[in-house]
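For reference, the structure is listed below as structure tokens.
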Amino acid sequence: MYKDTDCGAPRSSDIGREITVAGWVHRRRDHGNLIFVDLRDRTGLLQVVFNPELAPDAHQLAEGMRSEWVIQARGNIRARLPGAANPNLATGEVELVVSDSQVLNRSLTPPFEVEDDTDADESTRMANRFIDIRRPEMLGRLQLRHRVTHLIWDHLTENGFTQVETPILIKSTPEGARDYVVPSRVRPGTFYALPQSPQQMKQMLMVSGVERYFQIARCFRDEDLRADRQPEHTQLDLEMSFVHQEDVMALVEGLYTRIVRESRPSARLETPFAKLSYDEAVERYGSDKPDTRYGLEMSTITDIAAQSDARVFQAVASSGGTIRAFAAPGCAEYTRRQTDQLIDVAKAAGAQGLVYIAIDKSAPSIDELDADHIRSPLKNYMSVEIVKEIAHAVEASPGDLVLIVAGTKTVANNALSALRTEMAERLEMIDDNEFKFAWVFDFPLFDWDDETATWTPAHHVFSSPKEEHIPLIESDPGSVYADLFDLTCNGVELGSGSIRIHDPDVQMKVFNVIGYPDHEIEERFGHLLKAFRYGAPPHGGMGLGLDRITAMLAGQSNIREVIAFPKTQSAWDPLFDAPSLIAEEQLGELHIELDLEE
RNA sequence: GGCCCCGUGGUGUAGUGGCCUAACACGCCUCCCUGUCAAGGAGGAGAUCGGCAGUUCGAAUCUGCUCGGGGUCGCCA
């Protein structure tokens, strides 16, 4: 070993020990004679002193040392001079007096400084990720990720799970996201796909009698990226046999409670997790992944608003739309500029516009409102009575700003949900250290797709309808609910799960509603359906995003911050420069000809 | 595919038509310095302003196109 002690280890109790350390030159302070080097390794910093009188050779070497050189130093730990301790360093009471040192490797001047408060641009960091990860903050995030993964392994192992690896080269079953695809050399003209998730394989493992399966699985989707989406992401994939929905939820809740408690002990965590039906979540928060750290709950005021003379409201109400609203406390004095900004938020979320009613704080109460207390662009079209009713419906008080969006159900909810987030931020209602988990369950089994005029699976084709709804599958698909559940936290969807269909007849009915022709069912799912005919146990499970929970624990909104080598928004790896061209011979072997424009 | 923001020495920024022969901070190089820890002091090098085309007597600055990065909507069962 090049070192017998970690840089972050020495304390006062080590004074007098002779140790050897090795690491990177974090900073060098040259006083002409005395030279101080802060030596860094993964455990921390240690001040190393080169004294020309005690070790002239080592001192001469240190004169040439520069940032990020890799060095080794041997010497004695001693207490720092009185008053020279550094309370900001864990090792700040002591220092290493070098007797002997060696340069293990030199370094070019790094493109940016290795420090937590980096000012380097993200693309610079990504192109030099090997240096970026030297920053304690980054290394810490990778270590956090490791701890989370380790806890998953421990917890699930303790609960009877078996980790099984499933293949990365699988069959493409085009549906949902676009596949990443790999050409086959030995079967010209055919392609593998990379898994979007190990869904079918883990269900097959249930048929196989594994009973409790998990995997930290890489999943690939060739879709446009976001701050919380990479072309490849990691999910905790798990599946259990002989369980109901509550059993899966209880297991996962136990795991996530433990993850948060052990990997971020200071976090405020409420247990048991809240439980909301899908309908309730949408009604109260306008979203199926509500941030429940704050209130700002919304109400439906379609009937009240439709009685006003406002044509927008009448038109929306009569065309089957919905009018929804919530009260932003204390915002009645918002300026034109501020309300305009809110209108922009609503429009960006798809709404035609936003109607607000400011209720002056001088009003004694809602019941005693008069016209002078009301400020609204639609003031002339709404009687005071209607404003009172609306205010009551949204539980507004004098001094509040009522935000109203009219539109289709989806539009109204999306816009109001965006406004809710916006107002929570503006009103500083968000506690970054709070982890408010909520289960959202009882999702509809199907969504209606206007564009194609078809029913599509809300989650995936294997989710089981609620038993009492099975008779409705073909007659009234829209009213069929499923044993489908999401784990959300602070307004982020962390994972989805469901009880799966294990009855081939029910499965066929679902396929029929979705409108898959028989040959396509056989082509895409034949292998799984065949397995199901050999005694499939009732089973269910979840897929949970590892990147997202880790980012959340790290206090980051961008999952690239917890991924060692992430890709850019255009799915480019700036470090290795992938994707890239391949040689003509490679293309030839694969029987591929390029047809590129230009 | 749409919308929005960004691109100036190694890094981060300032400069929004002539005062720019491009400024500042950090970093880098040389020298000085025995207790610093974002060490300090003195001096120095380093950018044709993402690229191309245009407008103009004159462009980092205006226009168009393009490339790259980020955010977001669509998309992501």
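From a predicted model like this one, the values you see are computed outputs, not experimental measurements.
Among the heavy atoms of the strands, none lies under 4.0 Å from A:Ala418. Nucleic acid contact class of A:Arg78 (heavy atoms, under 4.0 Å, all strands): base. Base engagement by A:Glu95 is indicated by at least one non-hydrogen atom pair under 4.0 Å involving a base atom. In this structure, A:Thr124 reaches the sugar-phosphate backbone alone: every heavy-atom distance under 4.0 Å involves primed, P, OP1 or OP2 atoms, never a base.
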Could you go step by step and tell me if A:Asp503 and A:Ile470 meet the side chain to side chain contact (heavy atoms under 4.5 Å, CB included) rule?
-> CA-CA 11 Å; A:Asp503 176 342; A:Ile470 289 176; over 6 Å; no

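With both pairing distances under 3.5 Å, B:rC62 is matched to B:rG54 as a Watson-Crick or G-U wobble pair. Under the Watson-Crick and G-U wobble criteria, each requiring two contacts below 3.5 Å, nucleotide B:rA23 is paired to B:rU13. In this structure, B:rC76 forms no base pair with any nucleotide, since neither Watson-Crick nor G-U wobble geometry is met with both distances under 3.5 Å. Using the Watson-Crick or G-U wobble rule with both distances under 3.5 Å, B:rC3 pairs with B:rG71. Shown here, B:rG43 forms a base pair with B:rC29; the pair counts as Watson-Crick or G-U wobble because both key distances fall under 3.5 Å.
Here the separation of B:rU30 from B:rG18, taken at their P atoms, is 39 Å to the nearest Å. Between the P atoms of B:rC26 and B:rG41, the separation comes to 9 Å (whole Å). The separation of B:rG7 from B:rC52, taken at their C1' atoms, amounts to 16 Å, rounded to a whole angstrom. When the P atom is used for both B:rC33 and B:rU48, the distance is 37 Å, rounded to whole Å. Distance check on atom P: B:rU16 versus B:rG74 gives 39 Å, rounded to whole Å. Remark: the separation of the C1' atoms in B:rG10 and B:rA45 is 12 Å, to the nearest Å. Using atom C1' as the reference point in both B:rU13 and B:rA60, the two lie 14 Å apart (nearest Å). Taking atom P in both B:rC19 and B:rG40, the straight-line distance is 35 Å, to the nearest Å.
Aromatic ring orientation, A:Tyr278 versus A:Phe443: tilted (interplanar angle from 30° to 60°). Under the 30°/60° scheme for interplanar angles, the aromatic rings of A:His31 and A:Phe36 are found to stand perpendicular.
Put simply, the side chain of A:Ile168 reaches to within 4.5 Å of the side chain of A:Phe220, judged on heavy atoms. At least one side-chain heavy atom of A:Leu487 sits less than 4.5 Å from a side-chain heavy atom of A:Trp439. Contact annotation: the side chain of A:Met126 approaches that of A:Thr568 to within less than 4.5 Å [non-hydrogen atoms, C-beta and beyond]. The side-chain heavy atoms of A:Leu46 and A:Pro10, taken from C-beta on, include a pair separated by under 4.5 Å. Contact annotation: the side chain of A:Arg11 approaches that of A:Thr91 to within less than 4.5 Å [non-hydrogen atoms, C-beta and beyond].
Residue A:Arg66 places at least one side-chain N or O under 4.0 Å from the OP1 or OP2 atom of B:rC29. Phosphate proximity of B:rA39 to A:Arg29: present, with a side-chain N or O under 4.0 Å from OP1 or OP2. Proximity of A:Asn86 to the phosphate of B:rC37: no side-chain N or O atom is located under 4.0 Å from OP1 or OP2.
If you find the closest nucleotide of RNA chain B to A:Asn88 and to A:Val49, the one lying nearer the 5' end belongs to A:Val49. Residue-to-nucleotide proximity on RNA chain B shows that, of A:Gln199 and A:Leu89, the 5′-proximal contact is made by A:Leu89.
Checked for salt-bridge contact, A:Asp505 and A:Lys509 miss the test: no charged N lies under 4.0 Å from a carboxylate O.
Atom CG in A:Leu45 sits about 10 Å away from atom P in B:rA38, given to the nearest Å. The interatomic distance linking A:Gln47 (CD) with B:rA38 (C1') rounds to 14 Å, in whole Å. Here B:rC76 presents its P atom at 17 Å from CD1 of A:Ile559, a figure rounded to the nearest Å. For the pair A:Leu81 CG and B:rU34 P, the interatomic distance rounds to 15 Å; values are reported in whole Å. At whole-Å resolution of the value, CD in A:Glu63 and P in B:rC33 are 11 Å apart. When the P atom of B:rG35 is taken as reference, atom CZ of A:Arg28 falls 15 Å away, rounded to whole Å. Atom CZ in A:Arg40 sits about 15 Å away from atom C1' in B:rC37, given to the nearest Å. Distance CD (A:Glu232) to C1' (B:rC76): 16 Å, rounded to an integer number of Å.
Annotation: A:Arg426, atom CZ; neighbour count of heavy atoms from other residues, nucleotides and ligands within 6.0 Å is above 12.
Side-chain proximity of A:Asp30 to B:rG35, B:rC33, B:rG12: nearest is B:rC33. Side-chain proximity of A:Arg27 to B:rU34, B:rA38, B:rC37: nearest is B:rA38.
The line from CZ of A:Arg500 to NE2 of A:His460 is 4.0 Å long, rounded to the nearest 0.5 Å.
You cannot call A:His31 stacked on the base of B:rG35; the centres under 5.5 Å and planes under 30° rule is not satisfied.
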Between protein and nucleotides 69-75 of chain B, map the contacts as a letter string: B base, S sugar-phosphate only, - none, heavy atoms under 4.0 Å, written 5' to 3'.
-> SBBBBBB

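A:Asp442 meets the side-chain hydrogen bond (donor to acceptor under 3.5 Å, both in side chains) test with A:Lys466; sequence neighbours excluded.
Across residues 106-117 of chain A, A:Thr109, A:Pro111, A:Glu113 each have a non-hydrogen atom less than 4.0 Å from an atom of RNA chain B (numbered order).
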